[in-house]
A.B. asks: 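Have a look at this one before I ask anything.
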Amino acid sequence: MLDKETLIIIDGSSLLHRAFYALPLLSTKDGIYTNGVYGFLTMLYKITDEYNPKYLCVAFDMKAPTFRHLEFDLYKANRQKAPNELSLQFPILKEVLKAMNINQIEIEGYEADDIAGTVARFGEEKNLNVILVSGDRDYLQLASDKSKVLVTKKGITELEVFDKEAMIDKYGITPEQFIDLKGLMGDKSDNIPGVPGIGEKTGLKLLKQFGSIENIYENIEEVSGNKLKESLIEYKQQAFLSRRLAEIVTSVPLELNLEELKYEEPDWERLKGLYEKLEFKSLIEKIPKDKIEINIEYYSSEFILIESEDKFQKIIDEILKSKEFAFKFVYGDENILKSEILGIAIKPKEHSTYYINFDGNELLLNFQNSFKDIFEREDILVSGHNIKNDILGLFKLGIKISSITFDSMIGEYLINPSETDYSISKLSNEYLNLNIEKEEELLGKGKNKKTYKVLSVDERGQYFAKILDLVYMLEDKIIGIIEGQGMKELYSDVELPLAEVLASMEYYGFKIDVEILKELGSEFDKEIDNLTKEIYELAGEEFNINSPKQLGEILFDKLDLPVIKKTKTGYSTDAEVLDKLKDKHPIVENILKYRQIVKLKSTYIDGLMNLVDENTDRIHSSFNQTVTNTGRISSTEPNLQNIPVKTEEGRKIRKAFVPQDEDYILIDGDYSQIELRVLAHISDDPKLKEAFYNNEDIHTKTASEVFNVPKEEVTSIMRSRAKAVNFGIVYGISDYGLSRDLNISRKEAKEYIDNYLKNYKKVKEYMEEIVESGKKEGYVETILNRRRYLPELKSRNYVVRSFGERVAMNTPIQGSAADIIKVAMVRVYKELKLRNLKSKLILQVHDELIIETYKDEKDEVKEILKNTMESSIKLNVPLKVDIMMGDSWYETK
DNA sequence: GCGTTCACGC
DNA sequence: GACGTACGTGAACGCA
């Protein structure tokens with residue numbers, strides 16, 4: 001294949017159809033529908049990248065009737081007209097292809113597949129590698145020794161490859177016989193009748209036995225089954241007609257010329273123009289930079305460089321006058337806590353930006369003294385972008401910030417929590433149509449990411465001055481939207497103050513007893529050693545157990561265990577599969593154990609150890625406020641929100657999480673069933689509310705309702721199944737997910753869910769209403785009006801739509817729970833600060849808060865934590881918090 | 001470097 | 001009747 005040149009022929013009509021139905025209906029701000037074109041181009045790029053063709057063309061159907069219509073007037077008679085949203089995209093696609101200089105072929109009286117077939121034969125004659133691309137399986141008849149057929153599998157990214165051999169492998173018939181097969185079974189979508197009673201199975205059987213339709217009729221007596229025989233005889237004519245209709249014509253009168261099929265260089269400028277009009281940002285990125293004029297106009301800004309304290313008073317006076325300023329630190333390292341501060345940009349509102357350069361550091365001390373008061377005054381409003389990072393800088397300088405009034409990053413997150421890029425460059429482009437360099441462009445990314453040290457002092461000043469200008473330009477717009485959507489309180493009273501709380505949690509960190517970690521680590525190592533030996537012995541050879549590929553070969557090829565599930569790349573070996581193979585071979589149990597211990601060792605022992613600050617023995621995780629779709633916070637480096645708890649061995653890791661010294665103790669407040677309480681509140685379901693008023697065991701209660709037995713008769717199996725149902729309600733899993741979790745049939749799982757909803761009628765009503773309103777409004781909301789947009793609800797794709805529905809039901813529950821704990825965090829933090837306590841809030845794990853508590857303050861802190869958490873947001877059911885104490889996180893259970 | 005597979009918590 | 005099914009983080013593998 002490599003030595004031959006490649007010709008790719010794409011069925012444009014078919015592929016645009018596929019792409020249109022695979023993607024949600026996207027449109028530009030001018031209302032041009034683009035999803036099909038976008039999907040088509042994604043596939044086109046993928047295919048050309050992979051096969052690097054020398055020749056390429058796209059075939060289209062024409063509206064005019066074809067010879068098939070003339071022969072059979074019912075041909076495609078039942079075909080529904082394509083929706084307008086799709087038809088409108090054909091001319092757009094053709095325009096894009098034209099800009100790409102790609103040959104388009106259409107001809108009256110023939111369909112795209114006939115054109116494709118004809119071009120394919122032409123390519124074969126010229127001894128080219130021919131690749132046909134379509135969303136239609138009819139193309140399989142064109143596969144040959146020289147031609148491959150790519151058929152879309154699912155979505156838009158996966159293509160199934162068929163050559164002649166692959167066809168025989170999969171269907172047991174040749175491409176030519178495929179035409180006979182269609183003649184026999186017909187094709188519903190084209191209204192080709194075929195022979196009644198014959199489907200794919202019978203058709204394949206007949207062809208494997210007889211080879212062709214002619215041969216079937218020549219040996220009709222040998223056909224087994226009277227009914228089948230009669231049907232064949234009666235519909236003989238129809239069978240031959242159907243075959244003629246199904247056969248792709250490879251002799252369309254085309255004047256083909258290899259030179260014209262050449263895949264040439266696009267008209268880049270024109271293409272870029274089209275992509276811009278269609279808002280295909282990711283595709284614009286694909287255009288080689290040297291091919292187009294880079295005419296991005298960068299926003300520019302002025303700044304005043306300050307390198308001595310003489311001017312400090314002038315800046316302070318300006319701030320005092322305008323009562324508002326924006327600022328941002330420039331750090332010399334990714335890790336802010338360890339980083340030196342290179343400088344700070346400060347912009348008193350309506351004034352120029354100052355860039356104070358601290359290089360050399362003498363000035364920093366002076367800055368601290370002069371500006372402390374300004375930051376700590378409550379009547380001066382402070383704005384910024386990703387201000388948590390700047391609060392950390394202030395903490396390092398011993399400054400406590402007071403009045404944050406705007407953070408463009410957090411603001412945009414509230415406007416749309418589903419974005420992934422909240423950078424200032426993105427926001428300015430979206431809202432202001434102004435461009436500044438992305439941080440990535442200045443510093444690079446990944447392993448080679450540099451620090452701001454590579455920029456000159458002047459460049460640093462310029463860049464950060466731009467940022468502060470943009471922050472102020474964004475402020476009114478973003479605040480306006482937030483207020484318009486009823487999120488003012490959420491923004492000002494919860495999210496903005498929370499940034500400081502998170503900064504404080506990062507700043508203080510969690511003390512780690514490194515010795516305990518080390519000891520646990522060597523225990524795990526010993527166990528891994530033993531397990532490794534046993535596994536090698538049982539396998540009869542040494543291999544890399546960590547490699548799913550090698551493990552799969554051992555289990556399923558060598559040991560011949562039954563294959564339960566496959567992944568894209570081979571055998572699946574996940575816990576679910578291994579669980580089912582447990583009694584088939586003793587090696588399986590060892591592998592499960594091995595996986596568990598290796599996970600603990602690598603992620604939680606080695607991973608944590610690497611992140612312990614060697615001076616203080618503390619771990620400083622990053623808490624991110626703008627990641628999740630639901631409003632939860634996330635934690636990275638390390639993720640402290642997934643420290644093991646379920647198995648005893650894993651839970652031991654928590655013994656290493658300790659208070660700073662013997663004067664301190666950990667106090668842990670844990671919301672009991674917060675999501676189900678939120679559900680009781682939102683749905684106002686009397687039964688569910690009653691359970692919480694009476695402080696009942698909710699899973700037992702659910703079991704008694706779902707299985708219709710008195711509570712005393714609920715067995716432990718019933719309870720655990722009910723627990724899974726409650727879990728499903730809270731996390732929005734499907735009947736499929738529930739059936740998998742409980743290892744029961746999907747039907748049974750569905751019964752459980754239906755039964756649940758039958759008992760909790762108002763929950764059912766809520767679920768129906770929220771989906772309805774989500775569809776109508778385009779979004780759902782939490783108790784504090786936090787929004788999540790759900791375009792998935794309008795998808796024509798069942799899977800996507802169902803996903804949207806579950807998210808619609810789940811987000812108000814999970815998101816409101818997030819609202820509740822965030823409010824509690826802000827208040828607990830404020831209270832500890834107000835009372836000047838030594839105790840600090842150091843961790844949040846979704847429904848749990850941990851305070852590193854000074855022992856003398858123990859009772860006070862306990863009360864603050866419990867009361868604040870329970871009274872955070874008033875629901876129409878009580879919130880319940882369990883308080884626990886211990887000398888390690890392990891003990892607070 | 002990047003996608004895939006697996007596993008941990010809520 | 002199939003579709004392929006909570007989220008977020010991280011480690012290791014294996015391909016490029």
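Below, read A as the first sequence line, B as the second, and so on, with proteins coming before strands; counting in each chain starts at 1.
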A.B. asks: From the set C:dA11, B:dA7, C:dG8, return the single nucleotide nearest to any side-chain atom of A:N642.
C.D. replies: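 The answer is C:dG8.
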A.B. asks: Counting side-chain heavy atoms from CB outward, which of C:dA6, B:dT5, B:dG9 is closest to A:R740?
C.D. replies: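 That would be C:dA6.
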A.B. asks: Whole angstroms only, please: what is the NZ-P distance between A:K652 and B:dC8?
C.D. replies: 16 Å
A.B. asks: When you compare the side chains of A:N624 and A:T626, does any donor N or O come within less than 3.5 Å of an acceptor on the partner?
C.D. replies: yes
A.B. asks: Could you tell me how far C:dT5 sits from B:dT4 if I compare only their P atoms? Round to whole Å.
C.D. replies: 13 Å
A.B. asks: Heavy atoms under 4.0 Å, any strand shown: does A:T567 hit a base, just sugar-phosphate, or nothing?
C.D. replies: sugar-phosphate
A.B. asks: How close or far is atom C1' of B:dG9 from atom CZ of A:R651, stated in whole angstroms?
C.D. replies: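 The distance from CZ of A:R651 to C1' of B:dG9 comes to 12 Å, rounded to the nearest Å.
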A.B. asks: Expressed in angstrom and rounded to an integer, what is the separation of A:R746 atom CZ from C:dT5 atom C1'?
C.D. replies: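 Spelled out: CZ on A:R746 to C1' on C:dT5 is 9 Å.
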A.B. asks: How long is the line joining OH of A:Y671 and C1' of B:dG9, in whole Å?
C.D. replies: 19 Å
A.B. asks: Where the side chain of A:N629 is defined as all heavy atoms beyond and including C-beta, which of C:dG14, C:dA12, C:dG8 is the nearest nucleotide?
C.D. replies: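 Selected nucleotide: C:dG8.
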A.B. asks: Think A:K601 forms a cation-pi with A:F524, using NZ or CZ under 6.0 Å from the six-ring centre and within 45 degrees of its axis?
C.D. replies: no
A.B. asks: Could you tell me whether the phosphate oxygens of C:dC15, OP1 or OP2, come under 4.0 Å of any side-chain nitrogen or oxygen in A:K549?
C.D. replies: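 Checking C:dC15 against A:K549, a side-chain N or O does come within under 4.0 Å of OP1 or OP2.
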A.B. asks: Using the side-chain heavy atoms of A:N544, tell me which of these nucleotides is nearest: C:dC13, B:dG9, C:dG10.
C.D. replies: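 Looking only at side-chain atoms, A:N544 lies closest to C:dC13.
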A.B. asks: Does A:N624 make a side-chain N or O approach to OP1 or OP2 of C:dG8 shorter than 4.0 Å?
C.D. replies: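 Answer no for this pair, as no side-chain N or O of A:N624 is under 4.0 Å from OP1 or OP2.
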A.B. asks: Between the side chains of A:D882 and A:S672, is a donor N or O closer than 3.5 angstrom to an acceptor N or O?
C.D. replies: no
A.B. asks: Distance check, P atoms only: B:dC8 and C:dC3, in whole angstrom units.
C.D. replies: 29 Å
A.B. asks: Rounded to whole angstrom units, what separation is found between the CD1 atom of A:I813 and the P atom of C:dA6?
C.D. replies: 15 Å
A.B. asks: In whole Å, what is the span from the CG atom of A:L600 to the P atom of B:dC8?
C.D. replies: 7 Å
A.B. asks: With sugar-phosphate meaning primed atoms plus P, OP1 and OP2, does A:S635 contact a base, only sugar-phosphate, or nothing at under 4.0 Å between heavy atoms?
C.D. replies: sugar-phosphate
A.B. asks: Nearest-Å distance, OH (A:Y736) to C1' (C:dG4)?
C.D. replies: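 Checked: the OH to C1' distance equals 7 Å.
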A.B. asks: Under 4.0 Å between a side-chain N/O of A:S547 and OP1 or OP2 of C:dG14, yes or no?
C.D. replies: yes
A.B. asks: Of the listed nucleotides (C:dG10, C:dT5, B:dC10), which one gets closest to any side-chain atom of A:R806?
C.D. replies: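 Given the options C:dG10, C:dT5, B:dC10, the side chain of A:R806 is closest to C:dT5.
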A.B. asks: NA contact type, A:R632, heavy-atom cut-off 4.0 Å: base, sugar-phosphate, or nothing?
C.D. replies: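 Base, at least one base atom sits under 4.0 Å.
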A.B. asks: Counting only side-chain N and O atoms of A:K646, is one of them less than 4.0 Å from OP1 or OP2 of B:dG9?
C.D. replies: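 Yes, within the criterion.
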A.B. asks: Write down the distance between CD (A:Q596) and P (C:dA12), rounded to a whole number of angstrom.
C.D. replies: 17 Å
A.B. asks: What does A:N810 touch in the nucleic acid at a heavy-atom separation under 4.0 angstrom: a base, only the sugar-phosphate, or nothing?
C.D. replies: nothing
A.B. asks: Check every atom of C:dC13, B:dC8, C:dT9 against the side chain of A:N639 and return the nucleotide holding the closest atom.
C.D. replies: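 Closest nucleotide among those given: C:dT9.
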A.B. asks: May I ask you to say what A:V627 touches in the nucleic acid, namely base, sugar-phosphate or nothing, with a heavy-atom cut-off under 4.0 Å?
C.D. replies: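 Sugar-phosphate: the residue A:V627, judged by heavy atoms under 4.0 Å, touches backbone atoms but no base.
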A.B. asks: So is A:R746 actually on top of A:Y736's ring, under 6.0 Å and inside 45° of the axis?
C.D. replies: no
A.B. asks: Using a cut-off of less than 4.0 Å, is there contact between a side-chain N or O of A:S634 and OP1 or OP2 of C:dT9?
C.D. replies: yes
A.B. asks: From C-beta outward on A:K599, which listed nucleotide comes closest to its side chain: C:dG4, B:dA7, B:dC10?
C.D. replies: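 Given the options C:dG4, B:dA7, B:dC10, the side chain of A:K599 is closest to B:dA7.
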A.B. asks: Using the side-chain heavy atoms of A:R595, tell me which of these nucleotides is nearest: B:dC10, B:dA7, C:dC13.
C.D. replies: B:dA7
A.B. asks: How far, in whole Å, is C:dG4 from B:dC10 if one measures between their C1' atoms?
C.D. replies: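 Looking at atom C1' only, B:dC10 and C:dG4 are 23 Å apart.
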A.B. asks: Write down the partner of C:dC7 under the Watson-Crick or G-U wobble criteria, each distance required to be under 3.5 Å.
C.D. replies: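 C:dC7 is paired with B:dG9.
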A.B. asks: Does B:dT5 have OP1 or OP2 sitting under 4.0 Å from an N or O in the side chain of A:T569?
C.D. replies: yes
A.B. asks: Determine the contact category for A:D606: base if any of its heavy atoms lies under 4.0 Å from a base atom, sugar-phosphate if only primed atoms, P, OP1 or OP2 are that close, otherwise nothing.
C.D. replies: nothing
A.B. asks: Donor-acceptor check, side chain of A:Q625 to backbone of A:E495, threshold 3.5 angstrom: yes or no?
C.D. replies: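 Present.
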A.B. asks: Under 4.0 Å, counting only non-hydrogen atoms across every strand here, what does A:V845 touch: a base, just sugar-phosphate, or nothing?
C.D. replies: sugar-phosphate
A.B. asks: What's the closest nucleotide to the side chain of A:I733 if the choices are C:dA6, B:dC10, B:dA7?
C.D. replies: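 In terms of side-chain proximity for A:I733, the closest of C:dA6, B:dC10, B:dA7 is C:dA6.
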A.B. asks: With a 4.0 Å cut-off on heavy atoms, is A:D735 in touch with a base, just the backbone sugar-phosphate, or nothing at all?
C.D. replies: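 Contact class for A:D735: none.
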A.B. asks: Looking for any heavy atom pair under 4.0 Å, which part of the strands does A:E675 touch: base, sugar-phosphate only, or nothing?
C.D. replies: nothing
A.B. asks: Would you mind telling me which residue lines up with the more 5' stretch of DNA chain C, A:F803 or A:V799, judged by nearest nucleotide?
C.D. replies: A:V799
A.B. asks: Would you say A:S14 and A:S134 are linked by a side-chain donor-acceptor pair, where the criterion is simply a distance under 3.5 Å?
C.D. replies: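 A pair is found: one side chain offers a donor N or O, the other an acceptor, under 3.5 Å apart.
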A.B. asks: Can you name the one residue among A:L551, A:I545, A:N546 that meets side chain to side chain contact (heavy atoms under 4.5 Å, CB included) with A:R595?
C.D. replies: A:L551
A.B. asks: Distance only, no hydrogens: is a donor on one side chain within 3.5 Å (strictly under) of an acceptor on the other, for A:R721 and A:Y752?
C.D. replies: yes
